[in-house]
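Just the heavy atoms: all of them, side chains too, but no hydrogens, waters or symmetry mates, feed the values below. Sequence lines set the chain letters: A, B, ... in the order given, protein chains first and strands last, and positions in each chain run from 1.
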2 protein chains.
Amino acid sequence: MTNTPAQTPRTMSPQWNEQGLIPVVTQDAETGEVLMLAWMNAAALEQTLASSEVIYWSRSRRELWRKGATSGNTQRLVEARLDCDGDTLLLRVHQEGGACHTGRRHCFFYAPRDGEWQQVAEE
Amino acid sequence: MTNTPAQTPRTMSPQWNEQGLIPVVTQDAETGEVLMLAWMNAAALEQTLASSEVIYWSRSRRELWRKGATSGNTQRLVEARLDCDGDTLLLRVHQEGGACHTGRRHCFFYAPRDGEWQQVAEE
């Protein structure tokens, strides 16, 4: 069933999952490349919107994680969006250096080839 | 700590979460717009790769969900990618009509304005 735009609420709130987190898609504001997916809790989102320096929640380290704090590959927030049902964020950012911990521009470098996911050359 | 590309594994496997799901970022292959985020289980991914018709797992209905089955707004797979740690998929698709259930091109139409997330006009 498709609703018309007029039927959608005027405002929306982030819908945190059972761990208090929301997935965040991060896109390069200049090139349109999807750089990575990470997670935020309420504090990470609040600090990101306040400072325009992107801060995630590290699920492995269980702590706030200012992107690029050690690598210098920071993300400056250009625009933030929340989706139609409030359970995903999209950030358009200015990315310094590579977004991926491997040094690549983005994290999505495995493609299905011959029945497995193989590394592909950087575009 | 940044690794060099040579230190990353040659192949990767999807890392399913505790519900057997993986988040999927879907991007318009022609415009680069991020259209939506949804979820797949192993069957959805297998059928999507086999048929090139994008099929998700509906967490609310708890069933496989062929995108556009009722609306006609189908997604034809152009390219699939898995990320560096295997826990996110990126699909580049050819999108028929709007990707959002509201009829909009994409789902990300709330932006932070005056301390709340407000609907913004379609770009």
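Note on B:Gly32, B:Ser13, B:Cys107: by heavy-atom pairs under 4.5 Å with chain A, the leading option is B:Cys107. Interface check for chain A: of the options B:Leu49, B:Thr88, B:Asp87, the most heavy-atom pairs under 4.5 Å are formed by B:Thr88. Ranked by non-hydrogen atom pairs under 4.5 Å with chain B, the options A:Asp85, A:Leu37, A:Leu90, A:Val25 are led by A:Leu90.
No side-chain heavy atom of B:Pro23 sits under 4.5 Å from any side-chain heavy atom of A:Pro23. A:Phe109 has its side chain within reach of B:Thr8: a pair of non-hydrogen atoms, C-beta onward, lies under 4.5 Å apart.
With hydrogens and angles disregarded, no donor-acceptor distance shorter than 3.5 Å links the side chain of A:Gln27 to the backbone of B:Glu33.
For A:Asp83 and B:Arg104, the salt-bridge test fails: no basic side-chain N is under 4.0 Å from an acidic carboxylate O.
Of all heavy-atom pairs spanning A:Ala80 and B:Pro112, the tightest one is O-CD, 3.3 Å. B:Trp117 and A:Arg81 get closest at one heavy-atom pair: CZ3-C, 3.7 Å.
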Would you sort out whether B:Tyr110 and A:Leu89 count as a side-chain contact (heavy atoms from CB on, under 4.5 Å), showing the intermediate values?
CA-CA 9 Å; B:Tyr110 292 100; A:Leu89 286 164; over 6 Å; no
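Residues B:Val78 and B:Met36 do not share a hydrophobic cluster, clusters being chains of Ile/Leu/Val/Met/Phe/Trp/Tyr side chains in contact below 4.5 Å.
The number of heavy-atom neighbours closer than 6.0 Å to CZ of B:Arg62, taken from other residues, nucleotides and ligands shown, is 12 or below. Applying the 6.0 Å contact sphere to CD of A:Gln15 captures more than 12 heavy atoms from other residues, nucleotides or ligands. The neighbour count for A:Glu46 CD, taken as heavy atoms of other residues, nucleotides or ligands under 6.0 Å away, does not exceed 12.
For chain B, the nearby part of A:Leu45 is the side chain; its heavy atoms alone come within less than 4.5 Å. Residue B:Val34 touches chain A through both its backbone and its side chain, counting heavy-atom pairs closer than 4.5 Å. For B:Gln118, the parts lying near chain A are the backbone and the side chain together; criterion is any non-hydrogen pair under 4.5 Å.
Using modelled atom types, one finds no donor on one side chain facing an acceptor on the other under 3.5 Å when comparing B:Gln119 with A:Thr11.
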